> 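Mind having a look at this structure? Questions to follow.
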Amino acid sequence: MTSPSPNGQPVLEPLRVAMLGCGVVGSEVVRLLTDQASDLQARVGRPLELVGIAVRRLNRTRPGIDPSLFTTDAEALVRRPDVDLVVEVIGGIEPARSLILSALGNGASVVTANKALLAEDGVTLFAAAEKAGVDLYFEASVAGAIPIIRPLRESLVGDEVTSVIGIVNGTTNFILDKMDTDGAGFAETLAEAQALGYAEADPTADVDGFDAAAKAAILSSLAFHSRVTSADVYREGITEVTSTDISSARAMGCVVKLLAICQLSPADPDHPERERTVSVRVHPAMIPRSHPLASVGGAYNAVFIESQFAGRLMFYGPGAGGAPTASAVLGDLVTVARNRLRGAAGPGESSYAARPVSPIGNVITRYHLSLEVADVAGVLATIAQCFAEHGVSIQTVRQQGREADAQLVIVTHRASDAALSATVEALRGLDVVRDVTSVMRVEGE
Ligand code: HSE
């Protein structure tokens with residue numbers, strides 16, 4: 001829509017943007033919207049006008065932002081009849097879900113960075129966007145600035161993605177990388193990461209793997225055209241990883257990473273009627289130093305995709321932070337603005353394949369175990385027998401004597417998680433086994 005200006009030139013009617021939240025990411029989105037206004041207008045074809053920012057408290061100073069934009073009435077903001085686009089960067093389940101649903105119901109397109117909400121209840125949001133014929137975009141929800149949602153949703157939609165393996169949490173990657181470099185333990189490295197601002201004061205969501213699990217649910221839903229929620233994701237964090245695990249990995253030419261692993265089971269040519277399943281898990285794992293993900297250091301993220309026709313693809317970059325995440329939000333904002341002007345909407349939910357999620361017990365991989373055992377004749381034979389009874393084949397055994405006791409490090413061939421768990425339980429019941437001090441999966445070979 002245009003209207004004449006005093007000099008006769010048409011004035012372009014802006015697309016009006018409402019923001020929910022103005023924290024680290026939100027304030028960068030506001031800055032970029034302001035600083036890049038003329039370029040954004042050229043790219044969209046209309047100005048993007050910020051008309052309001054909903055915040056919890058008005059009394060915080062937010063330098064450089066017009067104070068008249070702030071409101072504490074988020075519901076009224078998203079229900080304004082003139083709002084075209086809503087950016088949600090408050091995070092969490094409520095009130096974000098209700099506000100996004102109000103915005104979509106009001107006919108606005110929504111850009112969100114909210115991984116927890118998408119992973120828990122994306123289905124409700126997608127249905128509301130579909131009903132309203134508007135867009136729901138969420139590039140910033142996984143791996144910050146790294147373009148990974150659009151590649152899965154659009155670029156690779158003609159291919160068959162078989163595996164997505166990601167380092168999708170910068171805090172834990174920073175901690176594990178530092179433990180590897182410095183030889184320090186988890187607790188002291190976490191404290192250092194907190195002091196440096198890499199880890200939150202309450203690091204639970206990161207170190208216990210909840211953040212990565214939400215991202216894994218989103219990635220696997222897109223990759224396998226199926227609904228996967230955070231409750232479907234098997235999750236272990238990094239709090240139990242010890243400096244001994246890290247040095248043992250090093251001795252094997254490996255490094256320890258917190259991985260989000262999303263896999264599609266292979267088709268069985270002899271039984272084409274057999275349903276293919278997805279498995280989605282987040283846990284620390286040893287990967288060879290030659291693996292493309294092994295060299296991802298510090299707080300960086302990376303996602304490694306394997307697909308039937310494209311082969312192997314690697315996406316790498318900053319996975320968090322104000323400006324990088326705002327870059328992903330702005331990319332979505334321009335796209336949904338363009339769609340709106342064309343009277344079109346981008347892709348909605350694709351869950352037609354409806355693949356079942358298989359339990360962790362069915363996962364097949366290799367394992368690294370550390371055991372404290374009595375150093376007496378016949379111990380190795382007893383332990384090897386235990387593995388054999390559960391159908392778990394040993395690849396290597398390393399022993400270090402410690403007076404009456406010894407430490408055994410065993411690496412297995414590929415086995416099911418269920419078989420390995422049963423083996424560990426049986427090992428714990430053996431008189432000669434003092435303790436099973438560590439069990440870690442070995443991936444990437
Ligand atoms: N806390 C996350 C991380 C960033 O450390 O990667 C937001 O998902």
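Note that ligands are numbered from 1 as they come in the structure, with each ligand's atoms numbered from 1 the same way. Everything numeric in this text was worked out from a predicted model, so none of it was measured.
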> Decide, yes or no, whether a salt bridge links Glu443 with Arg281 under the criterion of side-chain N to carboxylate O below 4.0 Å.
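The answer is yes: the pair qualifies as a salt bridge.
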> What orientation do Phe138 and Phe126 show, parallel under 30°, tilted 30 to 60°, or perpendicular over 60°?
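Rings of Phe138 and Phe126: perpendicular, over 60°.
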> Consider salt bridge (charged side-chain N to carboxylate O under 4.0 Å, His left out). Of Arg16, Arg340, Arg46, which one does Asp84 pass it with?
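Passing option: Arg340.
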> Could you work out, with side chain to side chain contact (heavy atoms under 4.5 Å, CB included) as the rule, every residue matching Ala216, not counting sequence neighbours?
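Ala216 satisfies side chain to side chain contact (heavy atoms under 4.5 Å, CB included) with Val233, Ala260, Cys262, Val280, Val282 only.
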> Do the side chains of Pro347 and Tyr137 get nearer than 4.5 Å, heavy atoms only?
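Answer yes - side chains close enough.
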> Can you name the residues that come within less than 4.0 Å of ligand 1, going by heavy atoms only?
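Under the 4.0 Å cut-off, ligand 1 touches Lys115, Asn169, Gly170, Thr171, Asp206, Asp211, Lys215, Ala320.
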> Has Glu130 got more than 12 heavy atoms of other residues, nucleotides or ligands less than 6.0 Å from its CD?
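Atom CD in Glu130 is not crowded, with 12 or fewer foreign heavy atoms closer than 6.0 Å.
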